Amino acid sequence: MIIGIDDTDSKESMCTTYLAAVLIEKLKEHGRINDYPLLIRLNPNIIYKTRGNAALAISLDLERGEDAKVVKELVIDTVRNMAVFSEENTNPGVVFIEEATEKMRAELAIFSIRAVQDVLEIEEAVEILRRHNISHKGFKNKRGLIGALAASGLALCGLPDFTYELIAYREKERWGTLRDINEESVYAADAATRPDTWDTVDHENKRVVFAPHSPDPILFGIRGNSENAVRRAFSMIKSEPVERYVVYKTNQNTDMHLMPAEINEVLDNRSYILNGKVKSAPKIISGGHVIFELEDDGKDNGAVIECAAFEPTKGFRRIIRELRPQDEVTVFGSVKDKTLNIEKININSLNIHELRNPLCCGKRMKSKGIGQGYRCEKCGSVKKEQVLETLERNISQGFYEVPPSARRHLSKPLIRYQ
Ligand code: ATP
């Protein structure tokens, strides 16, 4: 039986992963947990999300003689008792997949990827559940069925790429208080296990980033490429008592949200990989955000999109500020209000030439007007044309990414490319 769960928490407390962690303990009395529980991040641009748009799936081999009905009731009761029903925006969904035809698998594979990349309606999930006779329970407006079906669909069909996260939870009486974590031990765990773990600390900004600041049950999460690596880091962390912990398999840090596309195909609230040329020199706007226009490379009659490195991306903005018109780049990120929020950039080629007004008497000549050449303000001499000059560039070709403190859950860090 695959159990999918979503949308149980509020900003003030709880977290669907904690509900899953508690549920796992109860389920162990009824069977064996298969593989790892799945922590799935869905489309990061969904307005209904509480925090990171997570959904969970647990795969259970029922013990011989166990009644599936009893297990389903246990799951539904746990959601009923732990979900924050008072929160308007909390609409839990639970899905149970017990058997699957090839047709159902194929449909769920597509639905689940769309839940990570696209914007879906509740009715689409309900229609699939009904048509394939999949047992489920939706509470309130039932929006959680979208995430619950997507997570269980990915548990059924498999993830094309995955990583691991060990999440440690806090004792209940500490929820909402300051987290007590020894920073030195976190730096030591990071040094001992990176590059097999990542995003534990942000070295550039000298910050521990693996612990949230919200009043939820999570103490910290360690991300890495194997159970061994995250467990090794975990064993080195000194902190307040850990109430329980779970190692999840996850689509975090895999870029599963990104779709290769042309600029003229882009829609708001989706995430893309776009190739193009820098059209205009980057501008710094109020708030310290850096923005430039990206133009497609000729295929689409000059379709253009604004790309932004927002203030929280800190030092990454220095790279973006150095871009010049005609640089060829690939940008990776989500589009909101017609602006792509850059998560990563690959600078494919740097434009090292620029047409400039000729030099004379140690200064640039002034344009006399369109098509009328250039004149030196000092000696009065005139030249017809601009000159092609070689530009000094302060950046090199290659990949650049935002720091860990600004990384989105789904973004694949460059450390995973090695
Ligand atoms: P939680 O820890 O409770 O899961 P969260 O930040 O992950 O918190 P949710 O509270 O689950 O966010 O809210 C997200 C809601 O959006 C869920 O009801 C989920 O089913 C729905 N949802 C997720 N992905 C999509 C999508 N691609 N299209 C439409 N709705 C979606």
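Just follow the structure's listing: the first ligand is 1, and inside any ligand the first atom is 1. These numbers were taken from a predicted model, which means no experiment stands behind them.
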Visitor: Distance to 0.1 Å, residue and atom name: give those for the protein heavy atom nearest to atom 26 (C) of ligand 1.
Guide: Ile46 CD1, 3.4 Å
Visitor: State the atoms of ligand 1, each with its element, that fall below the 4.0 Å cut-off from a heavy-atom position in Asn43.
Guide: 27 (N)
Visitor: Pick out which of Lys344, Arg408, Arg407, Arg416 makes a salt bridge (charged side-chain N to carboxylate O under 4.0 Å, His left out) with Glu401.
Guide: Arg407
Visitor: Measure the spacing between CD1 of Ile305 and NZ of Lys279 and express it to the nearest 0.5 Å.
Guide: 13.0 Å
Visitor: Show the atoms of ligand 1 that are less than 4.0 angstrom away from any heavy atom in Thr8.
Guide: 3 (O)
Visitor: Determine whether any heavy atom of Val119 lies closer than 4.0 Å to an atom of ligand 1.
Guide: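 Contact check Val119 vs ligand 1: positive.
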Visitor: Is there a donor-acceptor contact under 3.5 Å linking the side chains of Asp35 and Ser59?
Guide: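 Ser59 and Asp35 do not have a side-chain donor-acceptor pair below 3.5 Å.
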Visitor: Show me which atoms of ligand 1 lie under 4.0 Å from any heavy atom of Ala54.
Guide: 4 (O), 5 (P), 7 (O), 11 (O)
Visitor: Under 4.0 Å from any heavy atom of Gly52, which atoms of ligand 1 are there?
Guide: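 By the 4.0 Å cutoff, the relevant atoms are 6 (O).
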Visitor: Look only at interatomic distance and state if Thr16 has a nitrogen or oxygen under 3.5 Å from any nitrogen or oxygen of ligand 1.
Guide: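 Yes.
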Visitor: Considering heavy atoms of the protein only, find what lies nearest to atom 20 (O) of ligand 1 and give residue, atom and distance to 0.1 Å.
Guide: Arg143 O, 2.8 Å
Visitor: Considering only heavy atoms of Ala115, which atoms of ligand 1 have at least one such atom less than 4.0 Å away?
Guide: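 Counting from 1, the qualifying ligand atoms are 24 (N), 26 (C), 27 (N).
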Visitor: Quick test: of every protein heavy atom, which one is nearest to atom 2 (O) of ligand 1, and how far off is it to 0.1 Å?
Guide: Asp9 OD2, 2.8 Å
Visitor: Checking side-chain polar atoms at under 3.5 Å, does Thr8 have a donor or acceptor matched by the opposite partner on Tyr18?
Guide: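 No, no side-chain donor-acceptor pair sits under 3.5 Å.
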Visitor: Using 30° and 60° as the class boundaries, would you call the ring planes of Phe399 and Tyr417 parallel, tilted or perpendicular?
Guide: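 It falls in the tilted class, 30° to 60°.
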Visitor: Do Asn351 and Asp327 pair up side chain to side chain, a donor and an acceptor below 3.5 Å, judged on atom types alone?
Guide: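 The criterion, which ignores hydrogens and geometry beyond distance, is not satisfied for Asp327 and Asn351.
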Visitor: Which is it for Thr50 and ligand 1 at heavy atoms under 4.0 Å: side chain, backbone, both or neither?
Guide: both
Visitor: Below the 3.5 angstrom mark, is there an N/O of Asp6, backbone or side chain, next to an N/O of ligand 1?
Guide: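 For ligand 1, there is an N or O atom that lies under 3.5 Å from one belonging to Asp6.
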Visitor: Looking only at protein heavy atoms, which one is nearest to atom 29 (C) of ligand 1, and what is the separation?
Guide: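 Among all protein heavy atoms, the one nearest atom 29 (C) of ligand 1 is Leu120 O, 3.1 Å.
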Visitor: Other residues, nucleotides and ligands only: do more than 12 of their heavy atoms fall within 6.0 Å of CZ on Arg131?
Guide: yes
Visitor: Tell me which one of Ile122, Asp118, Asp7 gets a heavy atom nearest to atom 18 (O) of ligand 1.
Guide: Asp7
Visitor: How close does the nearest protein non-hydrogen atom get to atom 24 (N) of ligand 1, and which residue and atom is it?
Guide: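 The closest one turns out to be Asn53 ND2, 3.4 Å.
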Visitor: Is a side-chain donor-acceptor pair under 3.5 Å present for Arg179 with Ser239?
Guide: no
Visitor: Please indicate whether any nitrogen or oxygen in Leu42 is less than 3.5 Å from any nitrogen or oxygen in ligand 1.
Guide: no
Visitor: Name the option, out of Arg51, Met14, Lys49, that contains the heavy atom nearest to atom 6 (O) of ligand 1.
Guide: Arg51
Visitor: Do you see a donor-acceptor pair shorter than 3.5 Å between the side chains of Lys72 and Ser135?
Guide: yes
Visitor: For ligand 1 and Ala55, I'd like to know whether there is a polar contact (N/O to N/O, distance under 3.5 Å).
Guide: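 Ala55 vs ligand 1: no N/O contact under 3.5 Å.
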Visitor: Please list the nearest protein heavy atom to atom 30 (N) of ligand 1 with its residue and the distance rounded to 0.1 Å.
Guide: Ile146 CD1, 3.5 Å
Visitor: For Phe210 and Phe234, I'd like to know if the aromatic rings sit close, meaning centre-to-centre distance below 6.0 Å.
Guide: no
